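These figures come from a predicted structure and were not determined experimentally.
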Amino acid sequence: MPGRLRRGRRPGPFLAVDPDAGTFAVRPELLVATFLQDCDGDVQQQATERLARQGAQVLGQAVGAAAWHDVPSTYLVCAQDRGTPADRQRDFAQRAGRVVEIDAGHHPFLSRPAEVRDLVLGLSG
């Protein structure tokens, strides 16, 4: 993967890609500002300590099966996400049966856990 992702897209500036090793990671100095800006300091610190490299093939690999074809689905758009812009999320969400939007960053389960809990619990009803 020589610095390119699916459909010719380049990795975001917040990613450090090592094409020789076939891995990538979030740049530690950009983690909080990009993905955790709305989380409390303890969460930000713990996330920084747990950063790990991942296999780069997941960034360009086509999805082989998607449950949303057969299972009712809900897409949670995070309006303040700096990693995956909300407009792009809204494009992804067009496939979902239901779309919910909250004013949160990339990890709402960390920054807004009660709202995510309530959303998940409300899915069965």
Side-chain angles (χ1 to χ4, degrees):
M1 186 182 119
R4 290 215 176 258
L5 303 179
R6 182 179 310 141
R7 289 183 234 141
R9 289 194 174 126
R10 294 212 174 271
F14 46 81
L15 293 181
V17 178
D18 181 342
D20 295 331
T23 61
F24 75 96
V26 173
R27 294 179 187 279
E29 70 276 14
L30 299 177
L31 173 67
V32 170
T34 305
F35 296 107
L36 302 165
Q37 79 278 6
D38 60 338
C39 294
D40 67 39
D42 289 341
V43 169
Q44 293 173 347
Q45 181 63 38
Q46 290 174 26
T48 300
E49 293 169 358
R50 289 178 171 80
L51 275 179
R53 297 197 73 74
Q54 300 180 51
Q57 68 271 17
V58 301
L59 296 174
Q61 198 170 41
V63 175
W68 60 264
H69 288 285
D70 303 309
V71 177
S73 60
T74 298
Y75 194 107
L76 178 60
V77 173
C78 300
Q80 299 303 316
D81 190 337
R82 297 176 182 169
T84 306
D87 287 344
R88 189 154 179 226
Q89 292 177 58
R90 290 180 195 108
D91 288 342
F92 298 151
Q94 291 178 11
R95 300 178 195 155
R98 177 177 171 213
V99 179
V100 176
E101 187 161 332
I102 63 172
D103 193 35
H106 193 81
H107 295 293
F109 46 88
L110 297 175
S111 65
R112 309 291 269 281
E115 288 181 55
V116 174
R117 176 203 61 214
D118 292 347
L119 171 64
V120 171
L121 292 175
L123 293 176
S124 62

CA sep, side-chain torsions, deciding dist, call: Arg53, Asp18, side chain to side chain contact (heavy atoms under 4.5 Å, CB included): CA-CA 9 Å; Arg53 297 197 73 74; Asp18 181 342; 3.5 Å; yes

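- When atom types are taken as modelled, the side chain of Gln54 and the backbone of Ala25 share no donor-acceptor pair closer than 3.5 angstrom.
- Residues Thr84 and Gln89 share a closest heavy-atom pair of O-NE2, 2.7 Å.
- Phe92 and Val77 end up in the same hydrophobic cluster when Ile, Leu, Val, Met, Phe, Trp and Tyr side chains are linked at under 4.5 Å.
- Judged by distance alone, with hydrogens and angles left aside, the side-chain atoms of Gln37 form no donor-acceptor pair with the main-chain N or O of Asp81 at under 3.5 Å.
- Among all heavy-atom pairs drawn from Leu36 and Ala47, the shortest one is CD1-CB, 3.4 Å.
- The main-chain N or O of Ile102 is never found under 3.5 Å from a side-chain atom of Glu115 such that the two would form a donor-acceptor pair.
- In plain terms, the two heavy atoms of Ser73 and Ala96 that are nearest each other are OG-CA, 3.4 Å.
- Residues meeting the salt bridge (Lys or Arg N to Asp or Glu O under 4.0 Å) test with Arg82, sequence neighbours left out: none.
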Evaluation steps, side chain to side chain contact (heavy atoms under 4.5 Å, CB included), between Val58 and Phe24: CA-CA 10 Å; Val58 301; Phe24 75 96; 4.0 Å; yes

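- Shown here for Pro113 and Ser111, the closest heavy-atom pair between the two residues is CD-C, 3.4 Å.
- Residues forming a side-chain hydrogen bond (donor to acceptor under 3.5 Å, both in side chains) with Glu101 (at least two apart in sequence, or on another chain): Arg90.
- Across all non-hydrogen atoms, the minimal contact from Leu30 to Pro13 is CD1-O, 3.4 Å.
- Checking side-chain atoms of Arg112 against main-chain N and O of Asp103 turns up a donor-acceptor pair under 3.5 Å.
- Here the side chains of Leu123 and Arg98 are in contact, with some heavy-atom distance below 4.5 Å.
- A pairwise comparison of heavy atoms in Pro28 and Leu51 identifies CA-CD1, 3.7 Å as the closest pair.
- Side chains of Thr34 and Val26 form no contact here, defined as non-hydrogen atoms less than 4.5 Å apart.
- Annotation: ring-ring contact (aromatic ring centres under 6.0 Å, His included) contacts of Phe35 (sequence neighbours excluded): Phe14, His106.
- For the atom pair CZ of Arg117 and CZ of Phe109, the computed distance is 16.0 Å after rounding to the nearest 0.5 Å.
- Taking 4.5 Å as the limit, every side-chain heavy atom of Val99 sits out of range of all side-chain heavy atoms of Thr74.
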